[in-house]
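For reference, the structure is listed below as structure tokens.
Not measured: the values here are computed from a predicted model. Note that ligands are numbered from 1 as they come in the structure, with each ligand's atoms numbered from 1 the same way.
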Amino acid sequence: MASEKIYLSSPHMGGTEQSFVNEAFKTNWIAPLGPNVTGFETDLEQYLGNGNYVAALSSGTAALHLALILLGVGRGDEVICQSMTFSASANPIVYQGATPIFVDSEPDTWNICPSHLEEAIKDRISKGKKPKAIIAVHLYGMPYKVEEIRNISDKYEIPIVEDSAEALGSSYKNQKCGTFGDISILSFNGNKIITTSGGGALVAKNLQLKEKAVFLATQARDNAPHYQHSQIGYNYRLSNISAGIGRGQMEVLDAHVELRRQMNQFYQEIFRDTKGVTVFSEPSSAYFSNHWLSCILIDETHCGFSAENVRFALAENNIESRPLWKPMHLQPIFQNVPYYGSNISEKLFEIGLCLPSGSNLNKQDKLKINDVLMRFIDI
Ligand SMILES: *Cc1c(COP(=O)(O)O)cnc(C)c1O
């Protein structure tokens with residue numbers, strides 16, 4: 001019997017999502033506004049705490065784009081961005097006609113390296129341009145070095161855009177990821193920790209900023225009976241149907257974080273005694289990762305097999321795995337962009353692998369994964 005494919009991270013419904021969607025149909029709120037949009041925003045605001053304001057948007061990418069616009073990023077500006085990330089962190093810089101400046105990772109959290117960040121800022125300033133923003137990412141749900149990055153941001157007075165697309169449910173010193181930036185963003189794409197099929201959010205520190213984001217996301221219409229515009233607008237609001245899925249997903253978010261963390265534990269146990277294989281985990285108890293994806297580093301010289309060997313073996317058994325994010329400074333599209341770093345992210349990309357991590361993987365799936373991985377360990 002052909003078994004079903006095991007995915008890296010697939011949507012996992014909790015059960016009540018459809019009733020919120022049905023309610024939208026029943027009340028004819030089939031629009032990019034309505035009770036589910038407002039309800040989802042309130043759910044997220046309560047979850048994040050700390051007096052944050054949430055604007056529900058059509059994607060995390062849209063949220064990043066609006067964050068840069070709200071920070072006044074425009075043509076000719078420079079914006080610092082973590083190099084090791086998904087391209088969506090960096091693309092909105094280019095949408096604004098600005099230039100990305102890529103910065104390497106540090107080995108503890110795999111996120112933006114404080115010392116290379118400061119080196120980059122100093123060098124850009126010495127070349128005549130102070131960067132307009134710092135985009136820091138919590139990769140795979142692991143919080144970046146929150147305090148170090150904040151100190152540098154304060155010292156040079158450059159705001160942080162916190163890309164928390166992968167880190168809803170993670171926290172640092174008991175404060176939720178998605179609340180550390182001057183502006184923060186979340187994603188609810190199909191593969192994220194919770195999904196609205198597609199969607200995102202911008203997290204603001206005050207109501208005026210949230211309202212400005214919503215204004216820009218709904219075509220920047222001035223207050224007039226006719227359609228009047230004094231700014232360029234966007235169509236970036238979340239659908240009331242999608243937001244209904246989000247409301248249902250919020251009910252199971254913490255339970256799903258716990259299940260993802262159990263997947264990480266599952267891999268820790270498999271590789272506990274394997275020299276050369278490390279399962280990515282929190283550097284200290286200050287960090288709490290949602291372990292959106294569980295990742296391993298494989299040092300072939302110690303264990304005799306490579307990340308590619310493991311990826312192929314899993315693929316042969318219909319199990320999905322994937323190399324880590326390829327750093328932006330190695331991407332063909334960004335080959336002429338300035339980069340500050342050593343080769344930490346390059347090395348991580350070379351030896352890393354993301355393993356199936358979904359909260360919906362069952363006992364049988366785990367047995368199958370275990371089976372394939374154990375073949376490597378037994379050699
Ligand atoms: C998914 C993701 C995004 C983009 O979110 P979308 O909702 O897919 O547009 C941005 N940054 C990171 C790090 C992501 O993983």
Next item on the list: Classify the ring geometry between Y140 and W292 as parallel (under 30°), tilted (30 to 60°) or perpendicular (over 60°).
Entry: parallel

[X] touching ligand 1 at heavy-atom level, < 4.0 angstrom:
{"X": "K192", "value": "yes"}
{"X": "A63", "value": "no"}
{"X": "S89", "value": "yes"}

Can you check whether [X] has an N/O within less than 3.5 Å of an N/O in ligand 1?
{"X": "S187", "answer": "yes"}
{"X": "W325", "answer": "no"}
{"X": "G60", "answer": "yes"}

Note to self: Given the ring of Y47, does K176 sit roughly above its face, with NZ or CZ under 6.0 Å from the centre of the six-membered ring and within 45° of the axis?
What the structure shows: yes

Item checked: Distance (rounded to the nearest 0.5 Å) between F266 CZ and N264 CG -> 11.5 Å

Checklist line | Hydrophobic cluster identity match, I241 and L57, side-chain contacts under 4.5 Å | finding: no

With backbone taken as N, CA, C and O and side chain as the heavy atoms from C-beta onward, which portion of [X] lies under 4.0 Å from ligand 1: side chain, backbone, both, or neither?
{"X": "S59", "result": "both"}
{"X": "T85", "result": "side chain"}
{"X": "T61", "result": "both"}

Item checked: Atoms of ligand 1 close to G199 [distance to a heavy atom under 4.0 angstrom, numbered from 1] -> 7 (O)

Note to self: Could you tell me, atom by atom, which parts of ligand 1 come under 4.0 Å of a heavy atom of V137?
What the structure shows: 13 (C)

Next item on the list: In sequence, state the C-alpha distance, the side-chain angles, and the governing distance for L139 and M84, and then conclude on side-chain contact (heavy atoms from CB on, under 4.5 Å).
Entry: CA-CA 8 Å; L139 274 194; M84 190 172 198; 3.7 Å; yes

Next item on the list: Determine, stepwise, if the pair E269 / R272 fulfils salt bridge (Lys or Arg N to Asp or Glu O under 4.0 Å).
Entry: CA-CA 5 Å; E269 269 150 42; R272 195 175 41 208; 5.4 Å; no

Notebook entry, point to check: Which is closest to atom 10 (C) of ligand 1 by heavy-atom distance: N191, T195, N91, D163?
Noted result: D163

Note to self: As a check for students: among P92, S87, A88, S58, identify the option with a heavy atom nearest to atom 4 (C) of ligand 1.
What the structure shows: A88

Notebook entry, point to check: atom 15 (O) of ligand 1: which protein heavy atom is closest, and how many Å away?
Noted result: E166 OE2, 2.6 Å

Check: Nearest protein heavy atom to atom 8 (O) of ligand 1, by residue and atom, and its distance?
Finding: N189 ND2, 2.8 Å

Item checked: Carboxylate-amine/guanidinium contact K127 E78, below 4.0 Å -> no

Margin query: Determine whether T16 and E251 satisfy the following criterion, side chain to side chain donor-acceptor pair (under 3.5 Å), listing intermediate values before the conclusion.
Written below: CA-CA 8 Å; T16 63; E251 294 178 1; 2.8 Å; yes

Check: Going by side-chain heavy atoms closer than 4.5 Å, which hydrophobic residues are tied to V337, directly or by a chain of links?
Finding: V94, F102, M328, I333, F334, Y339

Mind listing the side-chain donor-acceptor pairs of residues 348-359 below 3.5 Å, one per line with the distance, residues two or more places apart or on another chain?
from: S357; atom 1: OG; to: S294; atom 2: N; distance (Å): 2.7
from: S357; atom 1: OG; to: L355; atom 2: O; distance (Å): 2.5
from: S359; atom 1: OG; to: H12; atom 2: ND1; distance (Å): 2.8

